[in-house]
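Have a look at the structure below before the remarks.
Not measured: the values here are computed from a predicted model.
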Amino acid sequence: MKRSYLTATATAAAAALVLTACGGGDDQGEGGQDGASGEVTVSLAGWSLDTTPEFQVLADAFHEQNPDVTIDLVEYSADDYDTQMIADLSAGSAPDLYVMKNLKNFFTYEDGGQLVDVSDVAGQLGDEVSGVDAYTVDGATFAIPYRQDAWYLYYNKDLFDQAGVDYPDGSWTWDDYADAAEELTTGLDESNVYGTYQHEWQSTVQGFANAQSPGADLLSGQWDYMVPFYERAVDLQDEGTQLDYGSITTNSVSYQSQFGTQKTAMMVMGSWYVATLLAQVDSGEADEFAWGFAPAPQLDSSTVEEPITFADPTGIGINPAADDDVVAAAKEFLAFIGSEDAASALAEIGITPAVTNDTVAETYFGIDGMPTDDVSRFAFSTHDVRPENPVDANTAALQNILEDAHSAIMSGSVSPADGIDEAEQRAAAEVLG
């Protein structure tokens, strides 16, 4: 049963303060309305709206508390989101509010003057909001996070039982993970059912290598610490315990179909997948089976009490081209997305919000179909989440080089050591000088 969002909260008061600060004086938008009165429509960019309900959930929940402001969603391609957004901002046709899917291109937006300073909103948020610092440059904040994901290990309890393999207990290292993948593949002994699945993204290897390796520094251009992570991934692929990279890319295999239709017993993936899986089970796109999620495997046992994982926050910023009345209403919306009300609304659909206190956790685990075992709860509440993308002028270029290396290594074109060495040489020649 859906909760009501009409509760009077501190967020509403904070939003009012934001409007007072932004909408005062004689500045008025078209039609003679300022941000504190009259009806205002604010456009918000999103992607895959049919399968990504978080944008509509936030828009509806905000509108219930602020009936004079309507959030109008504008759909972009999930795969080419940043390319399209950068082009629309340059052309002056971008929406009033837009999401930063990750931190890879945040520097590009901020350095290009394509974000409004929202430090006044950030200054009124509670300490529980994760990820604000990631959007702060030289003391000014340019976006407000509404989501803070983490990467987990998802597992199919039914397939584990069938193969006679113990469930992940929250203490697994990558060696434990590899051993389990082999045992599961052997124990299941079924064609087209694998012990584990690794999606095609570079994040599935490099994200963990950057987060968990001592002294790792993506910006340094020295990436030899990634080699053992790639060697393990290639070995699993060569042994037939996970679907090979070539098959995934050639056939456009989706990770949702692999786990949701029980073609793999486990999979590392971001916390956003919880909402997708629940929705697909409800729609019939995914099978019904017992499942859970555990902390991501660790480099060694020293970090299992507070497992290290990775994920960028997901934030929303304001297009400077927006009219004054729209900017004021947009700031009110940003104040809302950093609130417990917004967090609870997202938690109700299985999204991990930027605020994850006890109240939000109870909402999250109260969803029908959500696993409630101790390991799943531990994975949700206890982890050290490190950003995937450092905010820097060189981040996008270096990540593009590493994406090429990932494709070459996983496709078998080069060995892990040679692929990383070539990437380092490119970084030095093309980016770092």
Side-chain angles (χ1 to χ4, degrees), residues 149-189 193-199 203-205 207-209 211-214 228-229 232-233 235-236 239 241-242 255 258-260 262-274 277-278 281 287-311 350 352 356 358 361-362 364-367 369-386:
D149 289 298
W151 279 62
Y152 302 142
L153 175 63
Y154 294 85
Y155 63 101
N156 182 318
K157 295 181 178 181
D158 292 346
L159 292 180
F160 267 72
D161 291 342
Q162 184 180 331
V165 177
D166 292 337
Y167 302 155
D169 63 2
S171 68
W172 278 16
T173 65
W174 287 107
D175 289 339
D176 296 325
Y177 164 83
D179 289 343
E182 183 178 355
E183 291 177 33
L184 287 161
T185 303
T186 301
L188 293 168
D189 193 26
V193 178
Y194 294 87
T196 193
Y197 176 77
Q198 178 185 296
H199 199 46
S203 303
T204 58
V205 179
F208 290 111
Q212 297 178 348
S213 302
F229 284 82
R232 183 184 303 106
D235 285 346
L236 287 170
E239 292 165 0
T241 57
Q242 68 183 31
Y255 66 86
Q258 289 298 294
F259 192 80
Q262 304 190 81
K263 293 182 175 65
T264 182
M266 59 181 178
M267 172 181 74
V268 289
M269 187 51 61
S271 52
W272 62 83
Y273 179 54
V274 169
L277 179 57
L278 291 170
V281 169
D287 299 340
E288 290 192 27
F289 55 90
W291 60 280
F293 55 92
Q298 300 294 291
L299 187 63
D300 58 51
S301 60
S302 65
T303 57
V304 297
E305 291 187 5
E306 187 178 12
I308 296 172
T309 186
F310 74 96
T352 307
T356 53
D358 290 343
E362 288 309 306
Y364 187 79
F365 285 102
I367 304 171
M370 178 71 75
T372 58
D373 58 272
D374 290 343
V375 174
S376 295
R377 287 179 175 271
F378 175 73
F380 176 81
S381 64
T382 308
H383 45 238
D384 177 2
V385 183
R386 300 183 179 180

Who pairs with T204 by side chain to side chain donor-acceptor pair (under 3.5 Å), at least two apart in sequence or on another chain?
none
Which pairs, with at least one residue in residues 150-172 and sequence neighbours excluded, count as a salt bridge (charged side-chain N to carboxylate O under 4.0 Å, His left out)?
K157-D373
Do L236 and Q198 have side-chain heavy atoms sitting under 4.5 Å apart?
no
L159/L188 under side chain to side chain contact (heavy atoms under 4.5 Å, CB included): CA gap, chis, key distance, verdict
CA-CA 7 Å; L159 292 180; L188 293 168; 4.0 Å; yes
Who pairs with Y194 by ring pair (Phe, Tyr, Trp, His ring centres under 6.0 Å), at least two apart in sequence or on another chain?
none
Polar side chain donor-acceptor pair, D300 to S302, under 3.5 angstrom:
yes
With H199, which residues qualify under side chain to side chain donor-acceptor pair (under 3.5 Å), at least two apart?
Y197
Is any side-chain heavy atom of L278 less than 4.5 Å from a side-chain heavy atom of I367?
yes
Got a second to check how far Y154's OH is from S376's OG, nearest 0.5 Å?
9.5 Å
Please walk me through it: do M269 and F259 pass side chain to side chain contact (heavy atoms under 4.5 Å, CB included)?
CA-CA 10 Å; M269 187 51 61; F259 192 80; over 6 Å; no
For the OH atom of Y155 and the CE atom of M267, what is their distance to the nearest 0.5 Å?
14.0 Å
With sequence neighbours left out, the residues meeting ring pair (Phe, Tyr, Trp, His ring centres under 6.0 Å) with F380 are Y364, F365
Full working for side chain to side chain contact (heavy atoms under 4.5 Å, CB included) between Q212 and T303
CA-CA 9 Å; Q212 297 178 348; T303 57; over 6 Å; no
Taking side chain as C-beta onward, heavy atoms only, is S203 less than 4.5 Å from W151?
yes
Euclidean distance, L277 CG relative to Y255 OH, rounded to 0.5 Å:
10.5 Å
With a 6.0 Å cut-off (strictly less than), is the heavy-atom count around CD of E306, excluding the residue itself, greater than 12?
yes
Taking the six-membered ring for Trp, are F229 and F208 ring centroids under 6.0 Å apart?
no
Note: A211 and T309 closest approach over all heavy atoms is CB-O, 3.7 Å
List the atom of G260, the atom of Y273, and the distance in Å for their closest heavy-atom pair.
N-OH, 3.6 Å
N/O donor-acceptor pairs under 3.5 Å from side chains in residues 287-297, not counting sequence neighbours:
unit_1	atom_1	unit_2	atom_2	d
D287	OD2	Q262	NE2	3.2

